[in-house]
2 protein chains.
Amino acid sequence: MEPAHTPIGLLLARAAKTASRAFDDALAAEGGSIPVWLVLLALMRGGHRMQSELADEVGIQGPTLTHHLNGMENAGLLLRQRAPDNRRIHRIELTDTGRAMFHRLRGVAMAYDARLRSGFTEAELDMLRNLLERLAAKQAS
Amino acid sequence: MEPAHTPIGLLLARAAKTASRAFDDALAAEGGSIPVWLVLLALMRGGHRMQSELADEVGIQGPTLTHHLNGMENAGLLLRQRAPDNRRIHRIELTDTGRAMFHRLRGVAMAYDARLRSGFTEAELDMLRNLLERLAAKQAS
DNA sequence: TCATATTCCTTTGACATCGAATGATTAGAT
DNA sequence: ATCTAATCATTCGATGTCAAAGGAATATGA
């Protein structure tokens, strides 16, 4: 008789779904969302030349990024303008409003991360990080 | 100087996204999808009296389940009819086509699970399962 | 009995996401 | 020079998801 464990992929999907949901709700209370937070985080880190790089860093496709940038631009969080030296590229600049939103959402993210880590030892978290990274790396093949 | 690890939630979301994507692609090659597979799996396990129970088991909300049941009924995978004793409830029955689809998708799912587990020891998989279950349970609070 | 509440499901409207097609701009080849 | 490729972003169409509102059927309470 085999153990017939729940498939690891199903556990992974469930844990990620419940966690994302809780995080998104927390961000929504400050007027944000997960993709908005990830875009702000990537922009504050800087070093992007193209939107495609930004999309990669956030983990979404180009059209999805365009969608969020539209919303964020309408909300006054950022400005888009074509780069003078290569007019195919759109330069993105955060406004003061955008930076303020970043700081508010960072507070939410830090609190959420602390909450997520509570109840686990550092050794367990290191192990979890290692296992998740290996899982993600496997898919790339 | 702190380690400044990547937040655990971000690693979780990335691993789940890449894994789900790969699994969904594999299912699509057989004409399926993740929600269709989960609905078929739940129906084959049986024991549902109401659609809301089915939605819970699949991990989606009622309207989303209705959406997929519509598609699956149109595709000839199942039949819906009201229960005679309580006409609020819709009884769902898989057709032969639906059962055939289940068996095909089960092959995909088993192959995918094996692929996901490769490269990990049984001890590591047990550890990962334990950590993911604890993470998911934490959100329920 | 019959008005109201509850249960179960569906419809509606909204948003996130992606692939494919389209525009706009630049680079490259002859 | 100009014609074709390649590059970067957007638009379009489709799917998955949810919350809120809307039916349909049953249960409840005077």
Side-chain angles (χ1 to χ4, degrees), chain A residues 13-14 16-25 27-29 31-39 43 48-75 78-93, chain B residues 13-14 16-29 31-40 43 48-75 78-93:
Chain A
R14 279 183 190 153
K17 187 170 187 173
T18 53
S20 294
R21 189 66 191 252
F23 186 34
D24 202 59
D25 287 349
L27 290 170
S33 70
I34 288 176
V36 165
W37 160 242
L38 294 177
V39 168
L43 287 174
H48 304 284
R49 287 191 313 286
M50 299 180 302
Q51 284 188 196
S52 54
E53 291 176 3
L54 188 56
D56 280 351
E57 187 167 338
V58 173
I60 56 181
Q61 298 306 115
T64 307
L65 179 60
T66 294
H67 170 70
H68 290 298
L69 291 180
N70 288 343
M72 293 172 75
E73 191 170 21
N74 286 339
L78 52 84
L79 294 172
R80 273 185 290 187
Q81 43 197 345
R82 303 191 100 97
D85 54 322
N86 184 345
R87 295 180 41 74
R88 285 174 295 190
I89 295 177
H90 281 189
R91 280 287 146 67
I92 300 170
E93 234 182 315
Chain B
R14 279 184 191 153
K17 185 167 189 175
T18 52
S20 293
R21 187 66 192 255
F23 185 34
D24 202 58
D25 287 348
L27 290 171
S33 69
I34 288 177
V36 165
W37 161 241
L38 294 177
V39 168
L40 288 174
L43 287 173
H48 304 285
R49 285 190 313 285
M50 299 181 302
Q51 283 187 198
S52 53
E53 291 176 3
L54 188 55
D56 280 350
E57 186 167 338
V58 173
I60 57 181
Q61 298 304 116
T64 307
L65 178 61
T66 295
H67 170 70
H68 291 297
L69 291 180
N70 287 343
M72 293 172 75
E73 191 170 22
N74 285 340
L78 52 83
L79 294 172
R80 273 185 291 187
Q81 43 198 344
R82 303 189 100 98
D85 54 324
N86 183 346
R87 295 180 40 74
R88 286 176 295 191
I89 294 177
H90 282 190
R91 278 287 145 66
I92 300 170
E93 234 182 314

Exercise. Does the side chain of A/Arg87 get closer than 4.0 angstrom to OP1 or OP2 of D/dC8 through an N or O atom?
Worked result: no
Exercise. So how far is it from B/Met72 CE to B/Arg80 CZ, rounded to the nearest 0.5 Å?
Worked result: 10.0 Å
Problem set entry | Among C/dT26, D/dC18, D/dA27, the nucleotide that comes nearest once only the side chain of B/Arg88 is considered | D/dA27
Exercise. In Å and rounded to the nearest 0.5 Å, what is the CD1 to CZ distance from B/Ile89 to B/Arg49?
Worked result: 7.5 Å
For this session: Take A/Leu27 and A/Ser33 through the test side chain to side chain contact (heavy atoms under 4.5 Å, CB included) and record every step on the way to the result.
Result: CA-CA 5 Å; A/Leu27 290 170; A/Ser33 70; 5.5 Å; no
Exercise. D/dC8, C/dC8, C/dT25: which one has an atom nearest the side-chain heavy atoms of B/Met50?
Worked result: C/dC8
Exercise. When all nucleic acid strands are considered with a 4.0 Å heavy-atom cut-off, which category describes A/Thr66: base, sugar-phosphate, or nothing?
Worked result: base
Exercise. Of the nucleotides D/dT10, D/dC18, C/dC8, which one has an atom closest to the side chain of A/His90?
Worked result: D/dT10
Problem set entry | Interatomic distance, A/Arg49 CZ vs D/dC8 C1' [rounded to whole Å] | 13 Å
Exercise. Counting side-chain heavy atoms from C-beta on, which of D/dT11, C/dC9, D/dC18 comes nearest to A/Lys17?
Worked result: D/dC18
Seminar exercise, completed: Between A/Arg21 and A/Asn86, the residue closer to the 5' end of DNA chain D by nearest nucleotide is A/Asn86
For this session: Once you apply the 3.5 Å cut-off to both distances, tell me the Watson-Crick or G-U wobble partner of D/dA5, or none.
Result: none
Exercise. Which part of the nucleic acid, if any, lies within reach of B/Leu65 when heavy atoms closer than 4.0 Å are counted: base, sugar-phosphate only, or nothing?
Worked result: nothing
Exercise. In Watson-Crick or G-U wobble terms, both distances under 3.5 Å, what is the partner of C/dT7?
Worked result: D/dA24
Dump every N/O contact between nucleotides 13-16 of chain D and the protein below 3.5 Å, one line per pair.
| from | atom 1 | to | atom 2 | distance (Å) |
| --- | --- | --- | --- | --- |
| D/dG16 | OP2 | B/His67 | NE2 | 3.4 |

